Amino acid sequence: MSEAKDNPGVIAPPPLIYLGFLLIGWAVERYVLPDLSLGLPDMVRRWGAVILIVVGFMLEGAAAERFRSKRTAIEPWKASTALATDGVYRFSRNPIYVGFAVIYAGLAVGMDAPVALALLVPCLVMIDLFVIRREERYLEGKFGQAYRDYVSRVRRWL
C-alpha cells in the first residue's frame, strides 16, 4: 500500500459520530419534545449512568492498551502496523466502538434522554457501515489471511 493510502479512509472520527447523534437526541428533547423521560427514579438513573460510563471507559482503556502494546495506531485515520487479537480483542473485533456505545448509553440515561438513547441504534448502523466496514476492508487488504482467520473466530461486536 502506498503511504498516502495506508489507512481505512473512515468518514469522520468515530467519537464525533457518537457525539453528533447524542447531541441531536439531546436537542430534540430540549427543544421539540421536552416532556419525554425514561421514567426511571433519579437514583437508579444516576447510578445506572455511572456504571455504564465506567464500564465503557474500562473497555476502551483495555482496548487502547492492546494497541499500545502492539505499537500500532489507535486512530482509524492512521496506518495499522499490527493486528490486535488478544486481550479484549479475543471477544470483540471492535471493543472501542462497543465502549463508545456503552458510554453513549450511560450519558443518555444520565441525561434522562430517551430520544438520544433511541438514536444509538442509527448511530451504530452508521458506525458499522461507514467506519467498521472500511476498517475491515483495509485490515483484510493489509494483513490478508491472518485477518480473515481472526474474523472467522471473533464476533464483530460482542
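Basis for what follows: all heavy atoms, side chains included, without hydrogens, waters or symmetry-related copies. Since we're looking at a predicted model, the values are computed, not measured. Sequence positions, counted from 1, serve as the residue numbers for this chain.
Evaluation of the side chain to side chain donor-acceptor pair (under 3.5 Å) test over residues 60-69, restricted to residues two or more places apart or in two chains, returns Arg66-Ser69, Arg66-Asp86.
Using a distance-only test at 3.5 Å, with no hydrogens or angles considered, no donor-acceptor pair links the side chain of Ser92 to the main chain of Leu158. For Ser80 (side chain) and Ala82 (main-chain N/O), no donor-acceptor pair under 3.5 Å exists by modelled atom type. Judged purely by atom type and a 3.5 angstrom limit, Asn7 has no side-chain atom pairing as donor or acceptor with the backbone of Ala79.
Residues Met126 and Ile17 have side chains in contact (heavy-atom distance under 4.5 Å, counting atoms from C-beta outward). Counting only heavy atoms from C-beta outward, the side chains of Leu119 and Leu22 never approach each other to under 4.5 Å. Between Pro14 and Pro76, some side-chain heavy-atom pair lies under the 4.5 Å cut-off.
Aromatic rings from Phe67 and Tyr89 are positioned such that their centres are separated by under 6.0 Å.
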Side chains of residues 42-59: which donor-acceptor pairs under 3.5 Å do they make with residues two or more places apart or in other chains?
| from | atom 1 | to | atom 2 | distance (Å) |
| --- | --- | --- | --- | --- |
| Asp42 | OD1 | Arg45 | NH2 | 3.0 |
| Arg45 | NH1 | Gly110 | O | 2.5 |

Pairs under 3.5 angstrom only: tabulate donor-acceptor contacts from the side chains of residues 93-106 to other protein residues two or more places apart or in another chain.
| from | atom 1 | to | atom 2 | distance (Å) |
| --- | --- | --- | --- | --- |
| Arg93 | NE | Glu136 | OE2 | 3.3 |
| Arg93 | NH1 | Val154 | O | 2.7 |
| Arg93 | NH2 | Glu136 | OE2 | 2.6 |
| Asn94 | ND2 | Arg156 | O | 2.9 |
| Tyr97 | OH | Glu135 | OE1 | 3.4 |
| Tyr97 | OH | Glu135 | OE2 | 2.6 |
| Tyr104 | OH | Ala116 | O | 2.6 |

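A salt bridge does not link Lys78 with Asp6: every distance from a Lys NZ or Arg NE/NH1/NH2 to an Asp or Glu carboxylate oxygen is 4.0 Å or more.
Heavy-atom minimum distance, Gly39 versus Asp112: N-OD1, 4.1 Å. Nearest heavy atom pair, residue Val109 against residue Leu38, reads CA-CD1, 3.7 Å. When all heavy atoms of Asp149 and Gln145 are compared, the closest pair comes out as OD1-NE2, 2.6 Å.
When the side-chain contact (heavy atoms from CB on, under 4.5 Å) test is applied to Thr85, the partners found at least two apart in sequence or on another chain are Leu83, Tyr150, Arg153. For Arg134, the salt bridge (charged side-chain N to carboxylate O under 4.0 Å, His left out) test picks out no residue, with sequence neighbours left out.
Summarising the geometry, atom CG belonging to Leu19 is positioned 9.5 Å from atom SG belonging to Cys123; distances are rounded to the nearest 0.5 Å.
Other cluster members for Trp77: none, since no ILVMFWY side-chain heavy atom sits under 4.5 Å from it.
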